[in-house]
Amino acid sequence: MGMSNAKKARRKSEREGKLNPEIGRGAWQRKPITQVVPNRKAEQRRSQCRSKGTSDGAVFLPAAA
């Protein structure tokens, strides 16, 4: 697969001595550094909210008249 015209133009301008805008860009990461270790409690809360309609163990008993 060939290079795009934009990348060719960037490389050409870099060879001519101009600055390449790719240098200033940071690498994309999936998660921030602060969230590398998963938080078990938060994951449990999220999964419980996602699966609405499941029983949490409570049983409804109507009042006897």
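The shown structure was predicted, so the numbers you read here are calculated from the model rather than taken from an experiment. In what follows, residues are counted from 1 in the order of the sequence shown.
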So for atom CD1, which belongs to I23, do other residues, nucleotides or ligands contribute more than 12 heavy atoms lying within a distance under 6.0 Å?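 Result for CD1/I23: enclosed.
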Listed pairs under 3.5 Å, donor-acceptor, residues 3-12 side chains, sequence neighbours left out:
from: S4; atom 1: OG; to: K7; atom 2: N; distance (Å): 3.2
from: R10; atom 1: NE; to: E22; atom 2: OE2; distance (Å): 3.3
from: R10; atom 1: NH2; to: E22; atom 2: OE2; distance (Å): 2.9

State which residues pass side-chain hydrogen bond (donor to acceptor under 3.5 Å, both in side chains) with E16; sequence neighbours excluded, sorted by chain then number.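 If we apply the side-chain hydrogen bond (donor to acceptor under 3.5 Å, both in side chains) test to E16, skipping adjacent residues, there are no hits.
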